[in-house]
Amino acid sequence: MTRVRFAPSPTGYLHIGGARTFIFNWLFARRSGGTMILRIDDTDVERNTQASLDSIFDGLRWLDLPWDEEYRQSDRVGLHHRMAEEILAKGLAYRDFTPASPAQEEPSNATAGPWLFNAGMRDVSKEESDRRAAAGEAFVLRYKVPRGVGRDLVVDDLVYGPVTKAADDIEDFALLRSTGVPTYHMASCADDADLKITHILRGQEHLANTFKHILIFEALGFSLPKFAHLPLLIAPDGSKLSKRKHGPVVSVTTYAQAGFLPHAFVNFVSLRGWSPKDDREVMSRQEMIETFSLEGIHHSNAMVNFTEDDPFDPKAVWLNAEHIKQTPIEELAERLLPFASAAGLPADLCRMRRVAPLIRERIKLLRDVARVADFFFLEELAPYDPAELIPQKGDAAMAKLVLERAQEILSVAEFTHAGLDSALRAGAAEVKIKAGQMFQPIRVAACGRKEAPPLFETLEVLGRETCLKRIGRALQMLSA
RNA sequence: GGCGCUAUCGUCUAACGGUUAGGACGGAGCCCUCUCAAGGCUUAAAUACGAGUUCGAUUCUCGUUAGCGCUACCA
């Protein structure tokens, strides 16, 4: 039985890269009929925040890919300690009493060569080590990486193939901090083993850590899970996406708030670093589950494009538009409504159901509803330039003529697409102008701008009363 | 610095060792059209560099270069 997990640490909001790791795990689990586990890796007490935790849950719930089991590492420290003790008892770890030095935490100091271990500490006798520990001296528990025996470790990665690293190049990494809190490596491996995780799909930044994890599994006598590392998502500057460096543009919440459809986001993110290899791009959830496989995962990093003025990758926006076009009207209306309300429009679901079909292929993000459809909901049109009322190759007199004629027509015309179509075209013919010249002043009068959905449907939804009122207002503006 | 990973149009990607190196986004142009969209068509745009193996290399090997990641008592 396949068991996979997504294990975020609540040290920042959920970002695109994390979301993709979750999505790939989810897809892999669903594809294989396995179990998807969410595990909150909150061992870094210093940096954990409730806000981050909330952001992670908000983001994951928004994706709408439900998981099956949920754990929190802080509930399981007993287990981590037991396993760390076991490694120590087996003589595969040792206490390092070297005091923590801030200098050592700065990676920039490592230019002289790789740090591998603190000299002397590996060889402190068991008796002395026990005595100093019993006396209350602080220590870091470190894994005693086999040295000088020419041992090679190999990760048989499901994506990258066999990757080898000499044990001599691996530093004596920490298992327990001097505070007694288990490190990520310790806690993660202990939990993966205990939760019987079968496949670990995670970002490639962990590929190098995997050798340490193999050592831990080995020390504990557990069989290894399968590893599959994912190429990184990078920013336009080429660096790995990071909340600290790139800010809210990489946050899942930013996409949600802009009006991405959750599945469009999932679709977009899945296509960075994975390909169905058959040129398909717009895919349903079911299609993705059926198509997903580790074979399609690449080895090289994928870029997510965003700029100061445009936080969203054009491809993501395009995919969102495609999914919007495929969304049934009723569902679309429901999803649009909160965005209209948030923009301060007095929108209601009933009216939105009629507006949705008119804007469905005119919006790329749900929030566009406010920009594109405001005039459907506003009682009073926002001020606009009366010059807009003047048709192509026409003048103010023509605009006036058109609007007066429109007033007469719309007072009596049947307010349906067909009725308005024939009545307005006939009107244009009577005053001997082109249909386009007839339509523009009416459109601007009704919508307050030149760009709008097709005229007849628009008038129909607006209704006779509103149309006449707005045309009257436009006429006033022309004479003013 | 050490170790690891990677390298196809601007971006995402396709291509049993044999293709005019394909698709998509974005760009440009044309068509359609009551505006805006949507849609249709056309077009520009890539195998990082150098060797080797081979009848033949985007594909395999080596080197160079470049990028990224790891090198913490962060994950």
Side-chain angles (χ1 to χ4, degrees), chain A residues 7-12 41-44 46-47 96 98-101 104-107 110-116 138-142 155 157 160 163-166 168-171 173-185 187-188 203-211 229 231-232 234 236 238-240 268 271-282 296 298-305 313-319 321 325 358-364 372 391-392 421 424-425 428 434-440 442-444 447 449-456:
Chain A
S9 57
T11 55
D41 278 11
D42 52 355
T43 54
D44 187 359
E46 310 274 306
R47 299 201 302 154
D96 180 352
T98 313
S101 81
Q104 205 182 49
E105 291 173 21
E106 282 301 318
T111 44
W115 175 88
L116 291 174
F139 64 86
V140 173
L141 187 70
R142 292 189 184 282
V155 179
D157 194 272
Y160 287 90
V163 181
T164 307
K165 182 163 178 160
D168 287 340
D169 288 328
I170 300 172
E171 70 282 1
F173 54 96
L175 263 16
L176 296 177
R177 300 179 174 85
S178 55
T179 54
V181 178
T183 62
Y184 156 75
H185 300 300
S188 180
Q204 200 230 56
E205 72 263 31
H206 286 297
L207 186 51
N209 287 331
T210 306
F211 301 99
H229 288 87
L232 261 22
I234 58 175
S239 66
K240 167 174 100 154
F268 166 69
L271 257 16
R272 307 264 124 168
W274 171 75
S275 161
K277 294 185 182 287
D278 60 3
D279 289 342
R280 263 185 302 172
E281 298 208 289
V282 183
H298 307 155
H299 298 186
S300 48
N301 297 344
M303 188 176 289
V304 177
N305 289 297
D313 192 300
K315 193 103 174 205
V317 174
W318 171 77
L319 270 168
K325 277 184 251 171
L358 301 188
I359 65 169
R360 185 159 56 163
E361 52 193 34
R362 263 165 267 268
I363 57 173
K364 293 184 184 302
V372 166
Q392 283 281 307
D421 189 331
L424 288 172
R425 281 185 199 279
K434 290 183 178 170
Q437 290 177 310
M438 179 79 185
F439 298 158
Q440 177 170 324
I442 303 174
R443 172 179 299 111
V444 174
C447 308
R449 70 175 84 99
K450 286 177 182 168
E451 308 77 32
L455 188 61
F456 314 130

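Taking the side chain as every heavy atom from C-beta outward, A:E171 and A:R142 never approach each other to under 4.5 Å.
The shortest distance between the side-chain N/O atoms of A:S188 and the OP1/OP2 oxygens of B:A75 is not below 4.0 Å. Contact annotation: A:T179 does not reach the phosphate of B:C73 (side-chain N/O to OP1 or OP2, under 4.0 Å). For the OP1/OP2 pair of B:U13 and a distance below 4.0 Å, the side-chain nitrogens and oxygens of A:H298 include at least one atom meeting the criterion.
Taking only side-chain atoms of A:L207, from C-beta outward, the nucleotide of B:C5, B:C34, B:A72 with the closest atom is B:C5. Across B:C68, B:U6, B:C12, the shortest atom-to-atom separation from the side chain of A:A302 is found for B:C12. If you check B:C34, B:U11, B:A75 against the side chain of A:R47, the one that comes closest is B:A75. With distances taken from any side-chain atom of A:E361 to the nucleotides B:A38, B:U35, B:U11, the minimum falls on B:A38. The nucleotide whose nearest atom lies closest to any side-chain atom of A:K240 is, among B:A75, B:C5, B:G69, B:G69. Side chain of A:T43, nearest nucleotide from B:A75, B:U6, B:U11: B:A75. Of the listed nucleotides (B:C5, B:A15, B:U11), B:C5 has the atom at the smallest distance from the side chain of A:V163. Between B:C68, B:U11, B:U35, one nucleotide has an atom nearer to the side chain of A:M303 than all others, and that is B:U11.
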Shorter than 3.5 Å, N or O on both sides, protein versus nucleotides 44-49 of chain B: list them out with atom names.
none

Short heteroatom pairs, N/O only, protein and nucleotides 22-26 of chain B, under 3.5 Å:
| unit_1 | atom_1 | unit_2 | atom_2 | d |
| --- | --- | --- | --- | --- |
| B:G22 | N2 | A:D279 | OD1 | 3.1 |
| B:A24 | O4' | A:E281 | OE1 | 3.4 |
| B:A24 | O2' | A:E281 | OE1 | 2.1 |
| B:A24 | O2' | A:K315 | NZ | 3.3 |
| B:A24 | N3 | A:K315 | NZ | 2.7 |
| B:C25 | O2' | A:K315 | N | 3.4 |

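Under the 30°/60° scheme for interplanar angles, the aromatic rings of A:Y160 and A:H299 are found to be tilted.
A ring-centre distance under 6.0 Å is found for A:F456 and A:F439.
When the P atom is compared between B:C25 and B:U20, the two are found 25 Å apart, to the nearest whole Å. One P atom belongs to B:A21, the other to B:C30, and the distance between them is 30 Å to the nearest Å.
Side-chain to base pairing of A:R362 with B:C36: one donor and one acceptor N or O lie within less than 3.5 Å of each other.
Counting non-hydrogen atoms under 4.0 angstrom, A:K450 reaches a base of the nucleic acid. Among the atoms of the strands shown, only primed sugar atoms or phosphate atoms (P, OP1, OP2) are found under 4.0 Å from some heavy atom of A:L271.
To the nearest angstrom, P of B:C73 lies 12 Å from CG of A:N209. At whole-Å resolution of the value, OH in A:Y184 and C1' in B:A75 are 6 Å apart. Per the geometry, CG belonging to A:L232 stands 16 Å off P belonging to B:G67, to the nearest Å.
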